[in-house]
*Asks:* 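Pasting in a structure now, in structure tokens, and then I'll have a few things to ask.
Keep in mind that the numbers below use all heavy atoms, side chains included, and drop hydrogens, waters and symmetry copies. As the structure lists them, so they are numbered: ligands from 1, and atoms in each ligand from 1.
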Amino acid sequence: MMPPRPLFVKIAPDLGRRELDDVIEVVQGVPLDGIIATNSTLGRRGLSTGSTEAGGLSGRPLRQPSTEIVRYLYAGTRGRLPIVGVGGIFSAEDAYEKICAGASLVQLYTGLIYAGPTLPHHINTGLIRLLRRDGFAHVSEAVGCAL
Ligand SMILES: Cc1cc2nc3c(=O)[nH]c(=O)nc-3n(C[C@H](O)[C@H](O)[C@H](O)COP(=O)(O)O)c2cc1C
């Protein structure tokens with residue numbers, strides 16, 4: 001028999017507080033393994049040039065909004081459900097920001113396009129430095145520390 005596969009729900013960064021509250025309520029009542037926050041955005045805030053291009057915007061302009069959503073979900077679920085933080089991660093500092101906001105894992109996409117396949121290595125070594133600086137022995141100790 002196949003082992004059960006973990007089930008995650010991935011949410012958009014364009015949800016308002018009420019919609020996020022609905023997500024928090026629903027995810028706690030179903031057998032879910034975690035939340036991935038966030039997908040790319042339909043918004044165009046944070047761009048120095050206006051854009052009317054269709055499609056989802058990823059990368060740096062998404063970093064802060066997605067971190068705020070991670071923080072909100074972590075507080076709302078009281079840390080009981082793993083959160084995968086994603087959106088605008090280009091450095092160890094960016095990954096650490098997501099972890100401190102409540103992410104147990106991080107994911108990146110756009111950063112790889114700009115920085116290439118060595119980026120995860122740089123992020124991992126940078127994370128070790130940041131964890132040591134703040135007195136954490138393991139990344140799990142830092143999850144949600146900035147709440
Ligand atoms: C070209 C491209 C394709 C993507 N395709 C998917 C997809 O098929 N499914 C999905 O859940 N997210 C998809 N995403 C969203 C990314 O997984 C990620 O959530 C988002 O880009 C924010 O992270 P980033 O700023 O590190 O790119 C895609 C993003 C990009 C840029």
*Asks:* Which heavy atom in Arg44 sits nearest to a heavy atom in Leu42, and how many Å separate them?
*Replies:*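 Here Arg44 and Leu42 meet closest at NH1-O, 3.4 Å.
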*Asks:* For ligand 1, list the protein residues that place a heavy atom within a distance below 4.0 Å of one of its atoms, sorted by chain and number.
*Replies:*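 Protein residues near ligand 1 are Lys10, Thr38, Asn39, Ser40, Ser58, Gly59, Leu62, Val86, Gly87, Gly88, Gln107, Leu108, Tyr109, Thr110.
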*Asks:* Let me have the donor-acceptor pairs involving side chains of residues 81-93, under 3.5 Å, with sequence neighbours excluded, atom names and distances please.
*Replies:*
from  : atom 1 : to     : atom 2 : distance (Å)
Ser91 : OG     : Glu93  : N      : 3.4
Ser91 : OG     : Asp94  : N      : 3.1
Ser91 : OG     : Asp94  : OD1    : 3.4
Ser91 : OG     : Asp94  : OD2    : 3.2
Glu93 : OE2    : Arg129 : NH2    : 3.4

*Asks:* Return the minimal non-hydrogen interatomic distance between Ile35 and Phe8, and the atom names on each side.
*Replies:*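 Reported closest heavy-atom pair: N-CD2, 3.9 Å.
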*Asks:* Verify whether one side chain among Lys10 and Thr38 offers a donor that lies under 3.5 Å from an acceptor in the other.
*Replies:* no
*Asks:* The criterion is side chain to side chain contact (heavy atoms under 4.5 Å, CB included); which residues satisfy it with Arg78, sequence neighbours excluded?
*Replies:* Arg80
*Asks:* Taking only residues two or more places apart in sequence, or in another chain, which ones meet Ala142 in a side chain to side chain contact (heavy atoms under 4.5 Å, CB included)?
*Replies:* Tyr96, Ile99, Leu131, Phe136, Cys145
